[in-house]
Asks: 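The structure that follows is given in the form of structure tokens.
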Amino acid sequence: MWKYILLMLFAVSVGLMSPAGADGIIIVDPPPGVDVRLDQSLAIKYHHVDIQIKDQVATTRVDQVFVNDNPWTAEGTYIFPLPQGAAVSDFVMWVDGKAVHGEILEADEARTIYDDVVRRMKDPALLEYVGRKALKASVFPIPPGEERKIELEYSQILPVENGLVHYIYPLSTERFSSRPLEDLVVRAQIESREPLKAVYSSRHEVSIDREDDYHALLGLEQSDVLPDRDFELFYTISSEKIGLNLLSFKEEGQDGFFLLLAAPDVKVNEEEIVVKDIILVLDTSGSMQGEKMDQAKEAARYVLDHLNPLDRFAIVSFATTTRSFSPSLEPAAQADKGKDFLDRLEAMGSTDINRAMIEAVGLAEEVRPTTLIFLTDGLPTEGVTVTGAILDNVARESPDNVRIFSFGVGDDVDTDLLDQISLDHGGASTYVRPGEEIDEEVSAFYRKVKIPVLSDLSLDWGDIIVDQVYPQRIPDLFAGSQLILLGRYREGGPAKITLKGMVNQEERSYTYEDLSFRKEGGDDFIPRLWATRAVGYYLTQIRLYGEKQEWIDSIVSLSTRYGIITPYTSFLVQEKDIFSDKGREEVISDFEEEMAAAAAEPAFGEAAVEKAVYQKSLSAAPVGAAVPVNMSVSTGIDGTSKMVRVSEVLKNVGSKTFLLKNDTWIDTTFDRSMKTKKVAFLGEEYFDLISQVPVLGSYFALGERVIVVHEGQAYETVAEDDSGSG
């Protein structure tokens with residue numbers, strides 16, 4: 001069932017961000033008698049963005065190619081809605097190899113164009129740009145099948161708030177390209193005179209390369225995509241050994257949400273490195289024979305080659321019995337002998353995980369942090385084979401300073417065992433799927449944990465009351481890595497946060513006083529990101545410990561409010577959701593039935609591994625990076641189904657989530673008991689309201705029929721003859 005659900009049903013909906021801006025748009029003037037919407041006019045072939053940020057001055061270069069797939073010649077106007085505060089240094093549109101320069105429109109002038117296009121095309125999509133300046137240039141005729149290349153450059157000064165720098169590139173093209181882009185490339189290079197600490201993309205999975213404390217390179221490459229999320233980048237600068245920054249969001253009368261970023265230097269002095277112990281636990285059962293065994297040995301060699309001088313290590317191999325390199329931890333100087341031991345290992349026999357883990361944790365000493373890397377490709381088949389008993393045995397024998405990181409190779413692994421043993425001991429589990437390289441996964445992991453700088457972390461929030469923090473157990477901090485915490489807070493205001501931890505058996509304390517939790521407003525992506533982590537946590541709890549009503553209620557509530565689609569809450573895009581006449585108890589009952597069926601499935605096999613990976617992606621949730629998939633949903637009153645993309649029935653705008661029901665986009669905070677103020681679509685009141693409350697433009701941009709709740713008032717856009725309060 002899980003394989004079917006994961007492949008056919010849902011993506012993690014935190015990634016389904018509705019646009020807050022757009023790259024360039026060509027607004028065409030179709031021939032007489034031809035009606036087109038913005039997303040039916042021209043296609044964007046590729047979109048390349050190069051961003052250079054030096055000491056808070058960002059220079060953005062854009063390269064786009066538009067294609068006319070229509071049977072008629074296209075001409076019109078190119079519009080680029082500028083990010084707030086952007087100062088254009090150059091704007092060039094290339095037409096047949098010739099540069100055509102454009103003009104800068106003030107916000108009111110741009111608004112006039114937006115309103116005119118919305119009225120003429122009866123397409124409200126441009127309303128999301130109300131209040132922005134824009135670039136404008138006339139487009140020479142584009143014959144059918146031909147292309148036009150547009151290049152532009154603009155610069156802007158990025159403000160610094162308590163060491164936090166925020167950059168955003170408007171990247172949404174979903175509504176304006178008639179087909180997916182063949183190629184999307186975003187490259188961002190950061191150079192700073194002050195040391196860089198955390199570097200974080202809130203909406204995309206990006207590669208991050210840090211050569212030192214003053215430079216960072218980020219990359220995003222996709223193909224065959226319709227981007228529907230702005231590229232958003234946060235980075236922090238600080239001369240502190242460990243930089244700490246805070247982002248927050250709060251709506252009036254509600255608890256707030258926060259995201260905390262903490263990061264140490266990339267390069268640290270030798271005396272600042274926490275000495276550690278590494279214990280390698282390798283499965284050498286018969287199923288590991290061949291390439292898997294070779295890769296496992298290569299992964300272990302990599303670890304041994306990259307030990308710090310004062311580190312110690314141990315190796316325990318296991319099959320029917322166990323073999324240890326040494327009866328105790330050995331100094332890093334013995335690494336070559338450890339590699340000789342690895343060379344002699346052979347794959348044969350069955351799998352005694354219990355004995356191997358007890359022997360391994362028995363080697364640990366409580367004097368310094370210990371990282372245990374546990375690698376297996378199978379289920380326990382020898383000795384103690386019951387998952388609960390193995391977990392109890394390891395918990396009883398393991399010192400508190402041991403962090404267990406599990407690597408499950410292939411699909412014949414006990415996901416409950418690997419997830420739980422890592423969760424219980426402050427680590428994480430990783431699944432190496434068929435076709436992936438074991439040594440690459442392990443070496444990438446070890447590069448992140450090679451240099452510990454603070455262990456046994458804790459936070460004192462001062463006078464601010466916080467709760468529901470994820471992850472619940474704060475992981476250790478490593479050089480070049482960063483800590484990302486999400487949580488809730490009661491009241492906003494100035495904050496003094498103290499971070500404590502251990503460095504080589506000595507307690508260290510870092511205090512940050514120039515921080516503040518917002519009393520209102522802020523970064524509206526945080527609530528959904530927090531909710532996604534919370535849902536991931538509850539799903540994992542249910543899978544590992546069984547169902548509890550409070551966990552079920554939490555998942556249903558969060559899924560409904562934030563549009564987080566899970567395999568258990570498919571009702572969100574079905575007729576049996578919160579907008580139907582079906583009662584809450586019936587919805588809960590449907591949820592419980594699906595959950596019970598999932599819980600009855602085995603903890604091993606392809607579907608089990610897919611489920612574990614999926615839930616891990618939710619609970620980690622560093623960014624909103626999911627890609628919508630096709631799915632079959634019921635969208636009409638008659639219950640008929642059709643195949644649609646998730647993003648066609650669910651949209652996130654700011655902190656709000658909208659579901660499409662009977663051709664109306666409905667705010668999930670809307671309650672049937674609310675009376676709506678009806679506003680005629682494209683009527684004078686419609687545009688007047690957007691002028692008075694510009695944020696409504698981004699909601700009305702969803703379509704012709706929208707119900708949205710703003711500051712306690714529900715607004716409903718309707719056909720002109722249906723207007724009036726209801």
Asks: Keeping Arg210 on the side-chain end and Lys197 on the backbone end, is there a donor-acceptor pair under 3.5 Å?
Replies: yes
Asks: Is the shortest side-chain heavy-atom distance between Leu454 and Met502 below 4.5 Å?
Replies: no
Asks: Verify, without hydrogens or angle tests, whether Lys276 (side chain) and Lys450 (backbone) share a donor-acceptor contact under 3.5 angstrom.
Replies: yes
Asks: Is Phe231 close to Leu220 at the side-chain level, that is, under 4.5 Å between some pair of heavy atoms?
Replies: yes
Asks: For the side chain of Ser481 and the backbone of Phe478, is there at least one donor-acceptor N/O pair under 3.5 Å apart?
Replies: yes
Asks: Does the side chain of Val469 reach to within under 4.5 Å of the side chain of Leu486, using non-hydrogen atoms?
Replies: no
Asks: Nearest 0.5 Å, please: how far is CD in Gln56 from OG in Ser192?
Replies: 5.5 Å
Asks: Without swapping roles, check the side chain of Lys500 against the backbone of Asp456 for a donor-acceptor pair under 3.5 Å.
Replies: no
Asks: Which residue pairs pass the salt bridge (Lys or Arg N to Asp or Glu O under 4.0 Å) test with at least one member in residues 481-498, sequence neighbours excluded?
Replies: Asp467-Arg490
Asks: Is there a ring pair (Phe, Tyr, Trp, His ring centres under 6.0 Å) between Phe405 and Phe374? Walk through the geometry before answering.
Replies: CA-CA 6 Å; Phe405 294 87; Phe374 170 39; over 10 Å; no
Asks: Say you draw a straight line from CD1 of Ile421 to CG of Asp416; how long is it, rounded to the nearest 0.5 Å?
Replies: 12.5 Å
Asks: Minimum heavy-atom separation for Ala364 and Val402, please, with both atom names.
Replies: CB-CG2, 3.6 Å
Asks: Donor-acceptor pair, Asn162 side chain versus Asp514 backbone, under 3.5 Å?
Replies: yes
Asks: How about Leu483 and Leu477: do any of their side-chain heavy atoms sit closer than 4.5 Å?
Replies: yes
Asks: With ring centroids as reference points, do Phe407 and Phe445 lie under 6.0 angstrom apart?
Replies: yes
Asks: With a 4.5 Å limit on heavy-atom distance, are the side chains of Leu485 and Leu259 in contact?
Replies: no
Asks: Is a donor on one side and an acceptor on the other found under 3.5 Å between the side chain of Asp523 and the backbone of Phe249?
Replies: no
Asks: Is Asp400 close to Glu366 at the side-chain level, that is, under 4.5 Å between some pair of heavy atoms?
Replies: no
Asks: If you define the side chain from C-beta out and look only at heavy atoms, does anything of Asp213 sit under 4.5 Å from Leu196?
Replies: no
Asks: Could you give me the CA-CA distance, side-chain angles and deciding distance for Leu417 and Leu391, then say whether side-chain contact (heavy atoms from CB on, under 4.5 Å) is met?
Replies: CA-CA 7 Å; Leu417 173 61; Leu391 293 171; 3.8 Å; yes
Asks: Is it true that the side chains of Glu716 and Thr676 contain a donor and an acceptor less than 3.5 Å apart?
Replies: yes
Asks: I'd like to know if the side chain of Arg518 and the backbone of Gly493 have a donor-acceptor N/O pair within less than 3.5 Å.
Replies: no
Asks: For Phe258 and Tyr489, take the angle between the two ring planes, folded into 0 to 90°, and tell me which bin it lands in: parallel under 30, tilted 30 to 60, perpendicular over 60.
Replies: tilted
Asks: Would you check if there is a donor-acceptor pair between the side chains of Thr657 and Thr668 at a distance under 3.5 Å?
Replies: no
Asks: Are Phe525 and Phe234 close enough that their ring centers fall under 6.0 Å?
Replies: yes
Asks: Checking side-chain polar atoms at under 3.5 Å, does Glu397 have a donor or acceptor matched by the opposite partner on Asn393?
Replies: no
Asks: Once rounded to the nearest 0.5 Å, what's the spacing between atom CG of Leu260 and atom CG of Leu459?
Replies: 6.0 Å
Asks: Can you list the steps and then say if Tyr200 with Tyr235 is a side-chain contact (heavy atoms from CB on, under 4.5 Å)?
Replies: CA-CA 6 Å; Tyr200 177 72; Tyr235 68 91; over 6 Å; no
Asks: Using the rule given for side-chain contact (heavy atoms from CB on, under 4.5 Å), can you reason through Val709 versus Met674, listing the C-alpha separation, both sets of side-chain angles and the distance that settles it, and then say yes or no?
Replies: CA-CA 9 Å; Val709 180; Met674 293 180 177; 3.8 Å; yes
Asks: Between Lys250 and Gln254 (side chain of the first, backbone of the second, donor and acceptor by atom type, cut-off under 3.5 Å), is there such a pair?
Replies: yes
Asks: Can you list the steps and then say if Leu515 with Leu244 is a side-chain contact (heavy atoms from CB on, under 4.5 Å)?
Replies: CA-CA 9 Å; Leu515 300 173; Leu244 187 145; 3.4 Å; yes
Asks: Return yes if a side-chain donor-acceptor contact under 3.5 Å exists between Thr540 and Asp419, otherwise no.
Replies: no
Asks: Are there over 12 heavy-atom neighbours, none belonging to Glu252, within less than 6.0 Å of that residue's CD?
Replies: no
Asks: Could you measure the distance from the OG atom of Ser398 to the CG atom of Asp424? Nearest 0.5 Å is fine.
Replies: 10.0 Å
Asks: Please report the interatomic distance CG(Asp414) to CD1(Ile390), rounded to the nearest 0.5 Å.
Replies: 7.5 Å
Asks: If you measure only the distance, is there a donor-acceptor pair under 3.5 Å linking the side chains of Glu232 and His166?
Replies: yes
Asks: Does Asn504 reach the main-chain N or O of Val275 with its side chain, forming a donor-acceptor pair under 3.5 Å?
Replies: yes
Asks: Looking only at non-hydrogen atoms, find the nearest pair between Glu240 and Asp265 and report the distance.
Replies: O-OD1, 3.9 Å
Asks: Are Arg528 and Asn652 linked by a side-chain donor-acceptor pair shorter than 3.5 Å?
Replies: yes
Asks: For Ala198, is there any backbone N or O sitting under 3.5 Å from a side-chain donor or acceptor partner on Thr236?
Replies: yes
Asks: Using a strict cut-off of less than 4.0 Å between a Lys/Arg side-chain nitrogen and an Asp/Glu carboxylate oxygen, indicate whether Arg403 and Asp476 qualify as a salt bridge.
Replies: yes
Asks: Can you see which heavy atom on Val199 is nearest to which on Leu233, and at what distance?
Replies: CG1-CD1, 4.0 Å
Asks: Is the number of heavy atoms from other residues, nucleotides or ligands within 6.0 Å of CG (Asp671) greater than 12?
Replies: yes
Asks: Going by heavy atoms in the side chains, are Pro369 and Asn401 under 4.5 Å from each other?
Replies: no
Asks: To the closest 0.5 Å, what do you measure between CD (Glu550) and CD1 (Ile555)?
Replies: 11.0 Å
Asks: Which heavy atom of Thr498 sits nearest to which heavy atom of Ser509, and what is that distance?
Replies: CG2-OG, 3.3 Å
Asks: If you take all heavy atoms of Ser422 and Ala428, which pair is closest and at what distance?
Replies: OG-O, 3.3 Å
Asks: Return the orientation label for the Trp551 and Tyr545 ring planes: parallel under 30°, perpendicular over 60°, tilted otherwise.
Replies: tilted
Asks: Which heavy-atom pair separates Pro494 from Ser516 by the least distance, and what is that distance?
Replies: N-OG, 4.1 Å
